[in-house]
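Only one structure is covered here, and it is reproduced in the block below.
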Amino acid sequence: MKLLVCVSKAPDTTSRISFTDEGRSFDESGVQFIINPYDEWYALVRAIELVEANGGSVTTITVGDASCDPIIRKALAIGATDAVRVDTTPKDSTQVARLIADYSKNEGFDIILCGKETIDHNSSAVPAMIAECLDLPYVALATSLEVSGSESTIVTEVSGGTNNVTVSGAFVLSAAKGMSEQRIPNMRGIMSARTKPLKVVEATDVTQTTEVTEFKLPPAKGDCVLVDADNAEELVRLLREEAKII
Amino acid sequence: MSVLVYIPTHEGRATKVGLEVASYAATISSDNKVVALVSGDLTEDGGIGSTGVSRVLHFEANISDNSQISKLVSAAAKAEGAQTIVLSGNNEGKAIAPRVAISLNAGYVPGVTSTTGGKSFTRNVFSGKATAIVNVQADISVVTITPNSFGIKVQGDSSAIIESFSTEVGDERVTLNSFTPTSTDGSVPLPEAVRVVSAGRGLKGPENWGIVEDLAKALGATTACSRPVGDMGWRPHHEHVGQTGITIRPDLYIACGISGAIQHLAGVNQSKVIVVINTDPDAPFFKAADYGIVGDVFEVLPKLTEAIKAL
Ligand SMILES: Cc1cc2nc3c(=O)[nH]c(=O)nc-3n(C[C@H](O)[C@H](O)[C@H](O)COP(=O)(O)OP(=O)(O)OC[C@H]3O[C@@H](n4cnc5c(N)ncnc54)[C@H](O)[C@@H]3O)c2cc1C
Ligand SMILES: Nc1ncnc2c1ncn2[C@@H]1O[C@H](COP(=O)(O)O)[C@@H](O)[C@H]1O
């Protein structure tokens, strides 16, 4: 099987978030970058497991500039076969999706796996958009994926429960918690990652359709009102009369 | 401005998130040019007219594949010349809306929490640690709204006119084998819940969740948990909230025995009111809280439940 995993660069989950350029850009100084957790823990690891069991290859694709190379090498160290980087600084999800679709349309991938969302943009948009560009079925929020021949059986999170679904042929999937367990790259993986192919390709001509005009930090919370542990009635009164929430 | 909304239904009635989408659309369209689109069973107007929406396009077949629904929404948007298309940001909406945006060459803004006017929308980014104002540069905007951000606004008891709508939506390519509901107790699914009672490692073990469930029941709330609690199997995975779990935005979030790690806060800090119960006065969660009790959950929760029942 021939699998494609979309891997993006994200700020570490403990990063302090701040902005420069009058609130127009994310301040990257001092920020540690990681592979977006959903892409790494769930999409990538599951793809590697499937190829280990059935044979084939796992290619990763990243839309981004050279600053993404360290996280791409990490994906190779975890076990991807090879990697592609579309060399541009993407402006929005439409651009990312169209570029990935343009690259993959003639490559014959059996499954395109994404994470459920990036932890900086939180859009959950790219996988569905890739599916639309390539006219493929899309299965969102997959928590398990089993492949047998050309048939894939997937468990997905839907409103109020989970669906068990089957797709035949190629499709796009977004991976959520449950798909697989995190893998720490071992020494052999790290060594071999240095020589695995990382192909840099030029971006096709795709324009953005949205623009972020300003980022803002949420207003600071006022002080927490403390209520005595013996006085649950007082808390209930505050919730009712002051917060007007119950 | 002409607005098209796609409204999910259940047993012929608009769902809660569906009514919220309709209410939102009615507020952004000053000249009230809102058209609702429904697929599958519909009883009368499904309750949609009560939000001020006066026309409903009805596609009779029951479809659930996002590629089919996306074709339907795109066709209706073209037929109506809609400039803004609104869907709920629930799991289904998040899978359909980006496809619609690609097919209409539109700009896509997911998870809108407030509208600045025209083609400018506010949404949460960095897992709730910041907000962004996004401008759509294309002619058409496709947006989803985060459930429970705008609420349902009932305008009266008028009913909408139903017009039948048909188009070619292609074949179903994702086949449903079975559906397993998560909440068998009939409580509201977590992403849509207005009140949430959540608990962490401070509860010591799964056998102690009775006091959490009792409080949730008294409040009509849904239960949630921190990630380690899900990982250790004390509670089902789908209850895990936070950066790697579900992001929620209830009116009331009560955190019991949860320390308030940054990854946990990322999923809950958009809640309107946060109450924290923790034995440690230095727990970071108190900094994000509106109300707090420094105390032992095993003593505080039963008292709180009684006080609520006494209302
Ligand atoms: C990449 C990454 C992603 C993560 N994503 C998430 C996520 O999505 N969601 C999430 O929740 N976590 C996430 N985490 C984990 C997070 O960092 C914390 O470890 C976790 O939230 C802690 O859970 P907790 O508060 O239940 O446990 P603890 O941190 O152990 O806190 C327990 C709290 O209970 C209090 N307590 C103890 N006994 C009592 C009592 N009797 N009465 C009252 N209070 C009591 C203690 O004072 C303490 O504050 C993530 C971590 C990483 C590295
Ligand atoms: N720049 C990118 N390069 C490669 N894949 C990406 C990129 N941005 C997003 N993705 C993929 O799309 C998923 C959803 O991202 P988003 O729509 O931004 O929330 C991510 O989890 C990745 O798998």
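All chains are named by letter (A, B, ...) in the order of the sequence lines, taking the proteins before the strands, and each is independently numbered beginning at 1.
Heavy atoms of A:Ala140 lying under 4.5 Å from chain B belong exclusively to its side chain. Only the backbone of A:Leu136 comes within contact range of chain B, with at least one heavy atom under 4.5 Å from a heavy atom of that chain. Using a 4.5 Å cut-off between heavy atoms, B:Lys119 does not touch chain A at all. Contacts of B:Pro110 with chain A are made by side-chain atoms alone, with heavy-atom separations under 4.5 Å and no backbone atom involved. Heavy atoms closer than 4.5 Å to chain B are found in both the backbone and the side chain of A:Asp230. With a threshold of 4.5 angstrom between heavy atoms, A:Ile245 approaches chain B through its backbone and through its side chain. Contact annotation for A:Pro11: only side-chain heavy atoms (C-beta onward) come within less than 4.5 Å of a heavy atom of chain B. In this structure, chain A has a heavy atom under 4.5 Å from the side chain of B:Ile262, while its backbone stays farther away. Using a 4.5 Å cut-off between heavy atoms, B:Leu219 contacts chain A through its side chain alone, with no backbone atom that close. Contact annotation for A:Asn231: neither backbone nor side-chain heavy atoms come within less than 4.5 Å of a heavy atom of chain B. With a threshold of 4.5 angstrom between heavy atoms, B:Ser70 approaches chain A through side-chain atoms but not through N, CA, C or O. Of the atoms belonging to A:Arg98, it is side-chain heavy atoms, and not backbone ones, that fall under 4.5 Å from chain B. Residue contact with chain B, scored on non-hydrogen atoms closer than 4.5 Å, involves the backbone of A:Ser15 exclusively. For A:Arg16, no part lies near chain B; criterion is any non-hydrogen pair under 4.5 Å.
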- request: Determine, step by step, whether B:Asn105 and A:Thr209 satisfy the side chain to side chain donor-acceptor pair (under 3.5 Å) criterion, reporting the C-alpha distance in whole Å, the side-chain angles of both residues, the deciding distance to 0.1 Å, and the verdict.
  value: CA-CA 8 Å; B:Asn105 267 318; A:Thr209 52; over 6 Å; no
task: For side chain to side chain donor-acceptor pair (under 3.5 Å), just list the numbers for A:Ser159 and B:Glu92, CA-CA rounded to whole Å, side-chain angles, deciding distance to a tenth of an Å, and then say yes or no.
output: CA-CA 7 Å; A:Ser159 296; B:Glu92 289 69 34; 2.6 Å; yes
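In summary, B:Lys129 and A:Asp120 do not engage in a salt bridge, as defined by a charged side-chain N under 4.0 Å from a carboxylate O.
In this structure, a donor-acceptor pair under 3.5 Å is absent between the side chains of A:Thr13 and B:Gln243. Between the side chains of B:Thr180 and A:Asn164, no donor-acceptor pair of N or O atoms lies under 3.5 Å.
Of the possible polar contacts, none joining the B:Arg173 side chain to the A:Phe171 backbone as a donor-acceptor pair under 3.5 Å is found. With hydrogens and angles ignored, the 3.5 Å screen pairs a side-chain donor or acceptor of B:Thr182 with a backbone N or O of A:Gly160. Looking only at distances, a side-chain donor or acceptor of B:Arg123 sits under 3.5 Å from a matching main-chain atom of A:His121. In this structure, B:Ser127 contributes its side chain and A:Ile119 its backbone to a donor-acceptor pair below 3.5 Å.
For the pair B:Asp290/A:Val225, no side-chain contact is recorded, criterion being any heavy-atom separation below 4.5 Å from C-beta on.
Among B:Val275, B:Asn66, B:Asp65, B:Val273, the residue with the largest count of heavy-atom pairs under 4.5 Å with chain A is B:Asn66. Taking chain A as the reference chain and counting heavy-atom pairs below 4.5 Å, the highest number among B:Glu192, B:Glu172, B:Glu299, B:Arg227 is found for B:Arg227. Interface summary for chain A: among B:Thr244, B:Val174, B:Asn177, B:Ile293, the most heavy-atom pairs under 4.5 angstrom belong to B:Asn177.
Atom CG in A:Asn163 sits 10.0 Å away from atom CG in B:Asn91 (nearest 0.5 Å). A:Glu214 contributes atom CD, which lies 4.5 Å from atom CD1 of B:Ile133 (distance to the nearest 0.5 angstrom). The structure places CD1 of B:Ile308 at 7.0 Å from CG of A:Leu239, a figure rounded to the nearest 0.5 Å. In this structure, A:Ile246 CD1 and B:Leu311 CG are separated by 5.5 Å, a value rounded to the nearest 0.5 Å. Put simply, CZ on B:Phe126 and CG on A:Leu217 are 10.0 Å apart, with the number rounded to the nearest 0.5 Å. A distance of 6.5 Å separates CD in A:Glu211 from CG in B:Asn135, rounded to the nearest 0.5 Å.
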